[in-house]
Amino acid sequence: MAGDPQLWDQRVWNAVALVPRGRLATYGQIAELIGAWGRARQVGWALRRLPLPSEIPWHRVVNARGCIAMAPSREGSDWIQRQRLIAEGIPVDAEGRLPLCRFRWQAPAVSSF
DNA sequence: AGAATGACGCTGA
DNA sequence: TTCAGCGCCATTC
């Protein structure tokens, strides 16, 4: 794997960019996609380091519990995430929960990487 | 170097 | 179903 943290971010962002509009992916799903099973947290860090605004559809990444990861450190980006998901046709309630099962993205095989 | 932190995930109560 | 606890691991203090 990459010892270079910047390359790690690049891989995460590259994988997130594959998520189609109106679909959802989990942090663990992104990690698995880039061949990093068990590193879902690091995916979260990579997205935190993502400079905004960005072309990367970071808002389509949620946690396995099926809700937006709310955190003060996000400085409101979590709220923006909710807004953008609703704009893409994905209903999100006041608690940030959403029907993950229904909009779950089927990621391509890891072997393609 | 050691401890704390966190945009996570799974298991069990 | 909701919630606490634990494992996880790079980053930060």
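Lettering follows sequence order; numbering is per chain, from 1.
Across the protein-nucleic acid pair, A/D78 atom CG and B/dA7 atom P stand 10 Å apart, rounded to whole Å. As rounded to whole Å, 9 Å separates atom P of C/dA10 from atom CH2 of A/W8. In this structure, the CZ atom of A/R65 is 9 Å from the P atom of C/dC3, given to the nearest Å. Look at CH2 on A/W37: it is 9 Å from P on C/dC9, rounded to the nearest Å. Taking atom CD1 of A/I68 as the reference point, atom C1' of B/dC8 lies 16 Å away to the nearest angstrom. One can place CZ of A/R48 at 21 Å from P of C/dC9, the figure rounded to the nearest angstrom. For the pair A/L50 CG and C/dT11 P, the interatomic distance rounds to 16 Å; values are reported in whole Å. In this entry the distance linking CG of A/L100 with P of B/dC8 reads 14 Å, nearest Å.
Contact between the side-chain N/O atoms of A/R97 and the OP1/OP2 oxygens of C/dT2 is found at a separation under 4.0 Å. Proximity of A/N63 to the phosphate of B/dC8: a side-chain N or O atom is located under 4.0 Å from OP1 or OP2. Under 4.0 angstrom from either OP1 or OP2 of B/dA7 there lies at least one side-chain N or O belonging to A/S73.
With hydrogens and angles ignored, the 3.5 Å screen pairs no side-chain donor or acceptor of A/R48 with any backbone N or O of A/S73.
Among the nucleotides C/dC9, B/dG9, B/dA7, the one closest to any side-chain atom of A/L47 is B/dA7. For A/A40, whose side chain is taken as the heavy atoms from C-beta onward, the closest listed nucleotide among B/dA7, B/dC8, C/dC9 is B/dC8.
Map A/R49 and A/R41 each onto its nearest nucleotide of DNA chain C; the residue landing nearer the 5' end is A/R41.
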Please step through side-chain contact (heavy atoms from CB on, under 4.5 Å) for the pair A/Y27 and A/V16, ending with a clear verdict. CA-CA 9 Å; A/Y27 297 95; A/V16 173; over 6 Å; no
Would A/R60 and A/Q81 satisfy side chain to side chain donor-acceptor pair (under 3.5 Å), going step by step from the backbone distance to the final call? CA-CA 8 Å; A/R60 295 174 190 153; A/Q81 178 172 16; over 6 Å; no
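Side chains of A/Q83 and A/H59: no donor on one and acceptor on the other come within 3.5 Å. Side-chain atoms of A/R23 and A/Q106 include no donor-acceptor pair closer than 3.5 Å.
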